[in-house]
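Proteins come first, then strands; the chains are lettered A, B, ... in the order of their sequence lines, and each starts at number 1.
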Amino acid sequence: MDILQSRKKQVVRSNGQGMSIVCEKRSASGSVSQRACVFCGSRVVLYPIADALHIVHGPIGCAAYTWDIRGSVSSGPELHRLSFSTDLRETDIIFGGEKKLEAMLDELIDQYSPKAAFVYATCVVGVIGDDVAAICKKMTNKKKIPVIPVHSEGFKGTKKDGYQAACDAIACLVGTGSISGISPVSINIMGEFNLAGETWIIKEYFKKMGIEVITTMTGDGRVEELKRAHGAKLNVVQCSGSMMAIAKTMKEKYGIPFIRVSYFGIEDMADALYQIADYFKEQDRGIIERTEKLVRKEILDLNDQLEGYRQDLAGKKAAIYVGGAFKALSLIKALRHLGMKTVVVGSQTGNADDYKRLQALAEPGTIIVDDSNPVELASFVLEKDVDLFIGGVKERPIAYKLGIGFCDHNHERKIPLAGFAGMINFAKEVHKSVISPVWNLVPRRYHRAD
Amino acid sequence: MLLRHTPKEIIKRSALTISPAKTCQPIGAMYAALGVHSCLPHSHGSQGCCSYHRSALTRHYKDPIMAGTSSFTEGSCVFGGQANLLQGISNIFTIYEPDIIAVHTTCLSETIGDDVNQIVQKAKDDGKVPEGKKIIHCNTPSYVGSHVTGFSNMVAGIVKGLAASTGIKTNTINIIPGWVEPSDMREIKRIAKDMGISIVLFPDTSDVVDTPQTGKFKMYPDGGVTQKEMAITGDSKATLALGSFASEAGAKQLDISFKVPFKVLDIPIGLSATDRFIESLSSVAGVKVPDSFVAERGRLVDVITDMSQYFYGKKVALFGDPDQLIPLTEFLIDLNMKPVHMVSGTPGKKFMERIEEVSGDLFKTMNVQNGAQADMFLLHQWIKNEKPDLLIGNTYGKYIARDEGIPFVRMGFPILDRIGHSYFPTVGYSGGIRILEKMLDAILDHKDATCSEIEMELVL
Ligand code: SF4
Ligand code: SF4
């Protein structure tokens with residue numbers, strides 16, 4: 001297959017040494033890219049804050065497509081289940097949408113008494129020049145709640161820039177609440193969105209370790225908690241892109257250090273807990289022991305359960321194409337745990353650092369790709385003859401058409417994959433798809449058998 | 001209660017839309033363009049829109065949906081998107097090799113004022129369009145109309161870009177099916193074939209978004225109306241446009257360009273609308289309705305009579321697109337059911353007029369609204385004030401159905417959580433039986449699950 005000349009440097013075949021991949025580039029015009037926009041990034045990050053009002057300022061589509069598509073669950077308010085949009089019409093485009101936005105905020109804040117409101121600016125708003133910040137300021141004063149602009153005009157970059165905009169918005173809340181009574185052994189969980197209740201699993205571990213969680217950014221998030229986030233002693237950041245910006249800001253502003261972790265797979269999950277325990281070992285002498293006990297028990301439970309899956313999956317090959325490259329690292333390790341080999345790996349928004357680590361971890365010959373498209377992906381997985389594809393909504397039907405098992409590791413997943421318990425779910429998901437008898441019935445596999 | 005934030009009292013809203021019963025134009029344009037063989041839809045705007053539209057269509061059809069994007073940057077917003085589109089066109093023709101590119105705009109490219117017509121002309125002049133390849137296009141600003149408008153605009157774009165005439169009239173009939181499922185398009189082709197009528201159906205997404213598992217990934221599946229078929233639509237005897245919102249513009253365009261007379265009909269959903277469709281088809285083509293259709297119709301009427309007691313007086317709330325809601329309402333009334341609440345996010349006066357026409361005296365008793373603020377929030381509020389026995393609409397209705405305990409039938413776009421729509425038509429007489437089956441299943445399953453033990457009956 002032809003690869004666009006301008007994209008050639010975004011694909012490398014790992015040979016064990018550090019070859020450099022070109023990434024963090026705008027997609028070539030005309031490409032059938034699997035990427036989304038700035039707004040998408042902001043929206044997925046902020047949306048789990050369930051007691052805030054989320055208003056999409058723009059034409060109807062931007063709001064309609066992000067309406068409740070993520071499985072972020074809330075233990076309390078469900079305000080985020082409604083989709084609020086200014087639904088801009090032609091006259092608004094000509095005369096500006098400011099009045100409409102203001103009237104809407106006025107009505108909605110009175111009606112729902114949210115703890116805060118986020119106003120997302122979409123592409124068109126950026127172009128017609130509505131002063132969203134000014135309206136938010138005015139409303140903040142009038143309604144006495146934080147009304148925060150999210151500068152998420154889609155054309156300003158990729159999903160990653162949307163994470164940045166979301167972090168800027170959250171930063172407006174952090175530092176405005178009281179931090180009295182906070183334990184010296186306390187953390188914020190960052191980059192965890194409570195998909196299928198994952199935050200609750202992770203929080204349970206911290207509880208057992210004796211750690212106070214001040215807030216989660218943003219899974220099952222609450223405005224009042226976010227305001228107190230600066231009282232935590234450590235920020236624990238998951239995932240490559242989404243919350244690094246705020247972790248950095250908080251380090252500069254409040255001197256709170258951060259560590260990067262991943263909750264996927266046994267190794268990374270255990271490693272995360274140990275790192276955190278280690279950090280607090282001075283303040284809490286028993287924490288290491290408690291953590292060891294917790295990890296040991298969890299792993300013991302796991303191993304027996306995993307064995308059966310391992311037997312079936314050993315030697316199978318996988319392709320990974322996910323949003324962030326950091327997650328891909330965990331996935332490679334988790335797959336190894338199941339006896340599987342990763343032969344294609346890529347991401348929509350990885351940075352140079354991520355790709356370097358991927359190359360170090362990947363086996364020789366692995367195809368590593370940045371910002372791919374369906375045609376490329378299809379040819380890679382056929383070339384490597386994989387048994388499993390891990391990706392998102394747009395990749396799923398392609399994998400199935402090719403006769404390949406699939407596991408959704410993006411935001412549409414329905415079962416928790418994080419934590420130790422998540423590893424079992426992950427194994428189950430992979431197993432159920434990879435060894436499905438349906439593959440014996442599809443033409444490609446059918447031919448492979450002879 | 002997932003929607004516990006929806007109050008019963010209907011508040012006057014001046015500005016906002018809450019939980020829309022519509023979406024934006026480009027997704028309609030994208031769907032229509034997929035109904036052309038070997039055509040790659042191209043979204044002229046930022047990356048996000050295109051990604052969203054593809055994802056939404058993928059979730060509904062569970063098939064790969066391909067489309068390119070101009071990938072706007074801040075620079076494009078200042079200097080215009082011409083450079084992006086020109087680059088995009090040559091990239092697409094070299095890498096993805098479609099026969100046709102179907103460009104639609106987005107809010108963004110519309111707002112900055114890109115002239116797609118002129119850019120496409122420039123691409124041709126600069127030699128960026130290889131021999132035999134075509135670019136078609138349409139404008140789809142989402143701050144006007146809805147997803148249905150976008151579909152309609154692209155249908156007109158297909159006609160403008162691909163229709164032609166040899167000057168020799170034929171007996172072929174053009175049929176524009178409107179925004180319906182691939183199963184429905186297949187069924188319309190079957191009906192015409194069984195009647196012995198030669199037709200060109202466009203757009204035709206059957207065998208494009210409902211493709212078989214073959215072990216291969218085909219960027220351009222086998223289906224879709226071909227350039228060759230489109231090139232004879234100007235010679236056809238007549239055009240039947242099914243649904244004025246989605247199909248009339250295309251039919252009009254054919255009339256303007258090639259003097260092909262057209263007739264606008266409802267989508268053949270339910271008994272009466274199908275009767276009109278079959279009659280019109282037989283009369284414009286000058287063929288007699290075969291006996292097999294009398295039998296098909298008879299089977300539908302038979303099911304209605306068998307089950308009429310369960311339909312009688314049942315109150316129905318429905319939401320969706322105008323072209324579907326109009327014949328569906330008529331069908332419900334034919335069944336002796338009572339439509340009570342209805343919203344459609346798609347604006348247009350014609351909707352109210354037609355609903356009034358098909359509802360007759362009932363109209364005065366109904367809550368009907370379309371266009372601005374005709375959203376799911378309003379529908380839910382109406383439902384809280386008068387509870388219906390059945391809810392019909394796309395997947396977003398499931399929250400209301402659950403919160404209020406109402407049987408729910410999925411029809412419309414998008415259906416994100418069930419299958420079937422791609423495979424089993426709801427148009428025609430047998431499609432009518434499928435609608436009946438779905439409604440009865442929902443109503444009677446609900447009854448079986450919730451009735452008292454005394455009322456539980458084995459035989460119905
Ligand atoms: S900007 Fe317009 S075209 Fe793009 S998603 Fe939003 S409403 Fe649709
Ligand atoms: S208009 Fe902009 S913000 Fe809205 S979906 Fe498209 S790219 Fe994203």
Side-chain angles (χ1 to χ4, degrees), chain A residues 2 4 26-40 58-61 63-65 67 78-79 81-90 92-93 100 103-104 107-108 111-112 123-124 126-128 154-156 158 374-375 378 393-394 397-398 400-403 442-445, chain B residues 2-5 11 13-20 22-24 26-27 42 46-49 51-52 54-56 58-59 62-64 66-74 76-77 84-85 87-89 91-92 94-96 107-108 111-112 142-144 211 213-217 219 377 399:
Chain A
D2 277 345
L4 268 183
R26 304 285 316 198
S27 303
S29 174
S31 59
V32 182
S33 168
Q34 308 293 76
R35 276 180 175 173
C37 68
V38 181
F39 164 65
C40 181
I60 197 66
Y65 301 117
W67 176 15
E78 297 281 356
L79 204 47
R81 293 258 176 192
L82 297 174
S83 168
F84 300 102
S85 164
T86 42
D87 192 358
L88 292 180
R89 309 307 291 172
E90 201 157 14
D92 307 317
I93 303 294
K100 206 169 180 180
M104 177 160 175
E107 283 174 26
L108 283 177
Q111 194 186 338
Y112 290 109
C123 286
V124 168
V127 174
I128 62 178
F155 56 78
K156 283 188 173 162
T158 66
V375 184
V393 50
K394 291 198 287 292
I398 298 174
Y400 287 158
K401 283 283 184 274
L402 295 170
V442 315
R444 191 174 71 84
R445 297 298 189 93
Chain B
L2 290 168
L3 299 183
R4 58 174 173 269
H5 301 288
I11 4 140
R13 281 180 276 155
S14 62
L16 72 159
T17 295
I18 311 177
S19 306
K22 66 166 175 183
T23 181
C24 68
I27 196 169
H42 180 89
S46 305
Q47 224 162 21
C49 309
S51 172
Y52 281 141
R54 285 176 59 209
S55 295
T58 302
R59 290 185 182 109
K62 316 281 181 224
D63 249 36
M66 296 300 126
T69 160
S70 292
S71 300
F72 270 34
T73 57
E74 300 210 76
S76 339
C77 296
N84 293 58
L85 187 51
Q87 182 68 50
I89 288 169
N91 279 347
I92 288 173
T94 28
I95 303 303
Y96 302 110
C107 301
L108 183 56
T111 308
I112 62 177
S142 295
Y143 41 78
V144 180
T211 56
Q213 213 290 344
T214 56
K216 290 198 197 82
F217 166 64
M219 185 109 182
F377 188 82
Y399 298 123

Trainee: At a heavy-atom separation under 4.5 Å, does Y112(A) approach chain B through its side chain, its backbone, both, or neither?
Mentor: side chain
Trainee: How far does CD1 of I112(B) sit from CZ of F155(A), to the nearest 0.5 angstrom?
Mentor: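 Output value for this atom pair is 9.0 Å.
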Trainee: To the closest 0.5 Å, what do you measure between NZ (K62(B)) and NZ (K401(A))?
Mentor: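 One finds 12.0 Å between NZ of K62(B) and NZ of K401(A).
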Trainee: For the residue pair S46(B) and G154(A), what are the closest heavy atoms and their distance?
Mentor: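 Nearest pair, atom of S46(B) first, then G154(A): OG-C, 4.2 Å.
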Trainee: Where do L82(A) and F377(B) come nearest, in terms of heavy atoms and distance?
Mentor: CD1-CE1, 4.3 Å
Trainee: Please rank I128(A), D92(A), V38(A), L79(A) by heavy-atom pairs under 4.5 Å with chain B and give me the top one.
Mentor: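 Option with the top pair count is L79(A).
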Trainee: Relative to chain A, which segment of S76(B) carries a heavy atom at a distance below 4.5 Å: side chain, backbone, both, or neither?
Mentor: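 Neither the backbone nor the side chain of S76(B) comes within 4.5 Å of chain A.
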Trainee: Between A56(B) and chain A, with a heavy-atom cut-off of 4.5 Å, which part of the residue counts as in contact: side chain, backbone, both or neither?
Mentor: side chain
Trainee: What are the two closest heavy atoms between P374(A) and R54(B), and how far apart are they?
Mentor: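 Closest pair (atom of P374(A), atom of R54(B), distance): CG-NH2, 3.7 Å.
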Trainee: Need one label for T58(B): side chain, backbone, both or neither, based on atoms under 4.5 Å from any heavy atom in chain A.
Mentor: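 Just its side chain gets close to chain A.
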Trainee: P20(B) and W67(A): which non-hydrogen atoms are nearest, and at how many Å?
Mentor: O-CZ3, 3.4 Å
Trainee: Distance from T17(B) atom OG1 to L88(A) atom CG, nearest 0.5 Å?
Mentor: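 So the gap between those two atoms works out to 9.5 Å.
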Trainee: Quick one: does any side-chain atom of S19(B) pair with a main-chain N or O of S83(A) as donor and acceptor, under 3.5 Å?
Mentor: yes
Trainee: Of all of F217(B), Y399(B), Y143(B), which one pairs up most often with chain A through heavy atoms under 4.5 Å apart?
Mentor: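 Looking at each option in turn, the highest pair count goes to Y143(B).
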Trainee: Working to the nearest 0.5 angstrom, can you tell me the gap between E90(A) CD and S142(B) OG?
Mentor: 11.5 Å
Trainee: Does the pair M104(A) and I18(B) meet the rule for a side chain to side chain contact (heavy atoms under 4.5 Å, CB included), with working shown?
Mentor: CA-CA 11 Å; M104(A) 177 160 175; I18(B) 311 177; over 6 Å; no
Trainee: Could you go through the side chain to side chain contact (heavy atoms under 4.5 Å, CB included) check for S55(B) and Y65(A) one step at a time?
Mentor: CA-CA 9 Å; S55(B) 295; Y65(A) 301 117; over 6 Å; no
Trainee: Would you mind reporting whether P59(A) and C24(B) have side-chain heavy atoms less than 4.5 Å apart?
Mentor: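 No, side chains not in contact.
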Trainee: Ignoring hydrogens, what is the shortest heavy-atom contact between A64(A) and T23(B)? Give both atom names and the distance.
Mentor: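 In terms of heavy atoms, the two residues are closest at CB-OG1, 3.5 Å.
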Trainee: Any sub-3.5 Å donor-acceptor pair from K22(B)'s side-chain atoms to I60(A)'s backbone N or O?
Mentor: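 Here the side-chain-to-backbone pair does not exist.
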Trainee: Specify the closest pair of heavy atoms between L402(A) and K216(B), including all atoms of both residues, with the distance to one decimal.
Mentor: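 Between these two residues, the closest heavy atoms are CD2-C, 3.7 Å.
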Trainee: Go through Q213(B), M66(B), M219(B) and name the one with the most non-hydrogen pairs under 4.5 angstrom from chain A.
Mentor: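 Most heavy-atom pairs within the cutoff with chain A belong to Q213(B).
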Trainee: Please flag which part of C77(B) lies under 4.5 Å from any non-hydrogen atom of chain A: side chain, backbone, both or neither.
Mentor: side chain
